[in-house]
Amino acid sequence: MVRLLLKTLFLEILLLLLHHSSAVDDDDLSPFPKKFLFGTASSSYQYEGGYNINGKGQSNWDNFTHGDTKIIVDGSNGDIAVDHYHRYQEDIDLLEALKVNSYRLSISWTRVLPKGRFGEINWPGIDFYNKLFDALLLKGIQPFVTLSHYDSPQELEDRYGGWLSPQSQEDFAFYADLCFKTFGDRVKYWVTFNEPNHVAPFGYRSGIYPPSRCSGSLAMVNCKEGDSEKEPFVAAHNIILSHASAVDIYRTKYQVEQRGKIGIVLSHEWYEPMSNATADKLATERARSFTFNWFLDPIIFGKYPKEMEEVLGSILPKFSTCEKKKLKKGLDFIGINYYTSFYVQDCIYTKCDSGFGISRTEGSYMISGEKNGVSIGESTPYSWFNIYPQGIEKTVTYVKDRYNNTPMFITENGYGQQDDPNFTLEDQVNDFKRIQYMENHIEALSIAIRKGADVRGYFAWSLLDNFEWIYGYTVRYGFYHVDYATLKRTARLSATWYKQFIANYTETKFTGIDNMLQTT
Ligand SMILES: *[C@@H]1O[C@H](CO)[C@@H](O)[C@H](O)[C@H]1NC(C)=O
Ligand SMILES: *[C@@H]1O[C@H](CO)[C@@H](O)[C@H](O)[C@H]1NC(C)=O
Ligand SMILES: *[C@@H]1O[C@H](CO)[C@@H](O)[C@H](O)[C@H]1NC(C)=O
Ligand SMILES: *[C@@H]1O[C@H](CO)[C@@H](O)[C@H](O)[C@H]1NC(C)=O
């Protein structure tokens with residue numbers, strides 16, 4: 001008992017010290033660069049494994065990957081993933097070796113609430129995250145925690161159709177409240193949702209993510225049911241209001257005492273107009289509105305972007321007076337996942353054949369990685385992934401200008417290497433391309449920061465190779481290579497590079513990046 005007390009006391013003193021030296025304590029005006037967060041990002045379904053043990057419930061992704069879907073390219077799933085559930089201590093040692101000061105992760109909703117608010121709390125699940133957060137903080141690493149990174153309880157899908165029902169707001173609020181109450185003494189950065197701007201169109205328009213609902217020409221897979229022209233907007237509406245509910249609870253019950261920050265993470269591709277024609281420039285604005293501002297405008301301005309209202313009319317759900325009031329609670333920061341950029345071409349005045357974006361309810365635009373046969377940046381085996389570092393600078397500057405320089409974090413950025421079974425381990429670990437990618441992107445980011453963008457952190461995707469959704473295990477993003485037969489982690493060159501980069505940066509404060517700028 002005494003030992004336990006001592007241990008608790010020790011932890012509390014440590015937490016006090018940590019919190020004292022963290023950005024959140026000094027509120028918004030802390031000079032940005034000194035307290036910059038450098039970290040790596042992950043998510044529960046992609047990392048943890050242990051999909052059905054110690055009381056965990058079935059998530060929508062468990063259900064989806066176990067079904068007869070042929071959507072995951074290698075037919076794999078996240079049952080084991082990289083077994084972080086059992087190896088978290090080893091993985092935290094890897095984080096410590098990189099000398100990162102923060103780690104982005106998500107809580108598995110069904111590990112703590114197997115059936116949402118319709119069942120019991122799963123205490124072994126709570127215990128897992130308690131141990132994880134304590135172990136991170138003992139090494140001086142701030143947890144940066146997402147509540148919903150794609151996975152949610154299958155129970156909610158079965159009971160009332162998940163995000164299509166306003167009831168989902170009550171479930172999310174219940175879950176968020178439990179997490180703030182249980183973990184908020186140690187977690188100072190909360191993200192409500194990761195990339196809802198993928199969840200809604202992929203789950204309810206193309207059907208490539210659960211619950212795999214789609215219809216008509218926008219369907220990319222065979223869906224049993226759905227309405228691709230309508231449901232994405234209903235799901236998004238309930239997610240936006242779920243965010244607002246969680247923020248309301250945090251602000252009302254916890255934030256004053258816990259002194260943390262809460263935000264949302266969106267995926268943001270950069271869009272360049274294909275030409276200087278007015279139609280293409282307008283199409284580019286529509287593309288931003290229909291993919292990104294779709295979520296942030298309601299949360300920050302209380303209404304959907306005007307481009308969406310004009311095109312969608314009554315398809316777009318309305319916010320009631322009461323809901324608008326709740327939306328006013330806004331957010332403390334915007335998380336941006338940036339990987340790539342596209343050219344955008346109008347499809348209202350010019351006929352477009354087929355592809356993502358061209359239908360009226362998508363915004364009537366066409367995206368392409370190239371113009372006149374020339375790629376926007378270095379190409380990769382993935383048509384969606386062309387390397388354009390300037391895009392991160394432009395994105396951050398755009399978000400700064402549109403949303404009044406709300407604090408931002410780069411919550412994901414990284415380089416995916418298509419796996420090749422013929423690679424030797426040596427090929428696998430000599431990841432010069434990844435180093436170059438990150439160097440160039442951080443450099444471009446620093447230009448935006450120098451011009452006044454309030455960016456407070458950078459999280460590389462990812463610490464480890466992991467389950468990459470529909471790509472399964474066929475693309476690798478890690479600073480550490482994972483051998484999926486043995487789950488052994490092996491450092492790549494990029495791990496050494498990131499560690500050195502952070503060390504340089506920390507020693508010289510911001511001059512490391514100043515020097516980088518002078519050489520450009
Ligand atoms: C997924 O959920 C549906 C609806 O509850 C159920 O019918 C189906 O059996 C589940 N699939 C798997 C593989 O668990
Ligand atoms: C658009 O105009 C600008 C300024 O005149 C020019 O620099 C740019 O290359 C033009 N872009 C295209 C796609 O033609
Ligand atoms: C791997 O090597 C074999 C034999 O050289 C070759 O036939 C195969 O195409 C290679 N696989 C890939 C993905 O390059
Ligand atoms: C760190 O600083 C050293 C000395 O200035 C430099 O040679 C090295 O390239 C830097 N490393 C990184 C990863 O920025």
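Whatever order the structure lists them in is the order used to number ligands and atoms, beginning at 1. Worth knowing before you read on, the calculation uses all heavy atoms, side chains too, and leaves out hydrogens, waters and symmetry mates.
- In this comparison of Asn63, Thr65, Asp158, the heavy atom closest to atom 11 (N) of ligand 1 sits on Asn63.
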Legend entry - Audit row: His481, Asp465, side-chain contact (heavy atoms from CB on, under 4.5 Å) steps and yes/no: CA-CA 6 Å; His481 170 267; Asp465 296 337; 3.7 Å; yes

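- For Phe333 and Phe144, the ring centers are positioned less than 6.0 Å apart.
- Counting atoms of ligand 4 from 1 in the listed order, those under 4.0 Å from a heavy atom of Phe501 are 13 (C), 14 (O).
- Against a heavy-atom cut-off of under 4.0 Å, Trp497 is close to the following atoms of ligand 4: 13 (C).
- Protein heavy atoms come within 4.0 Å of atom 13 (C) of ligand 4.
- Between Tyr473 and Phe467, the ring center distance clears the sub-6.0 Å criterion.
- Distances between N or O atoms of His66 and those of ligand 1 include no value under 3.5 Å.
- Of the listed residues (Phe202, Trp163, Trp469, Phe64), just one forms a ring pair (Phe, Tyr, Trp, His ring centres under 6.0 Å) with Tyr150, and that residue is Trp469.
- Considering Phe193, Tyr45, Phe172 in turn, Phe172 is the only one that fulfils the ring pair (Phe, Tyr, Trp, His ring centres under 6.0 Å) rule with Trp109.
- If you check which protein heavy atom lies closest to atom 9 (O) of ligand 4, you get Gln500 OE1, 4.3 Å.
- Under the 6.0 Å cut-off for aromatic ring centres, Phe295 and His243 do not qualify, their centroids lying 6.0 Å or more apart.
- For atom 6 (C) of ligand 4, the closest heavy atom belonging to the protein is Asn504 ND2, 4.1 Å.
- The closest approach between a heavy atom of Glu157 and any atom of ligand 1 is not below 4.0 Å.
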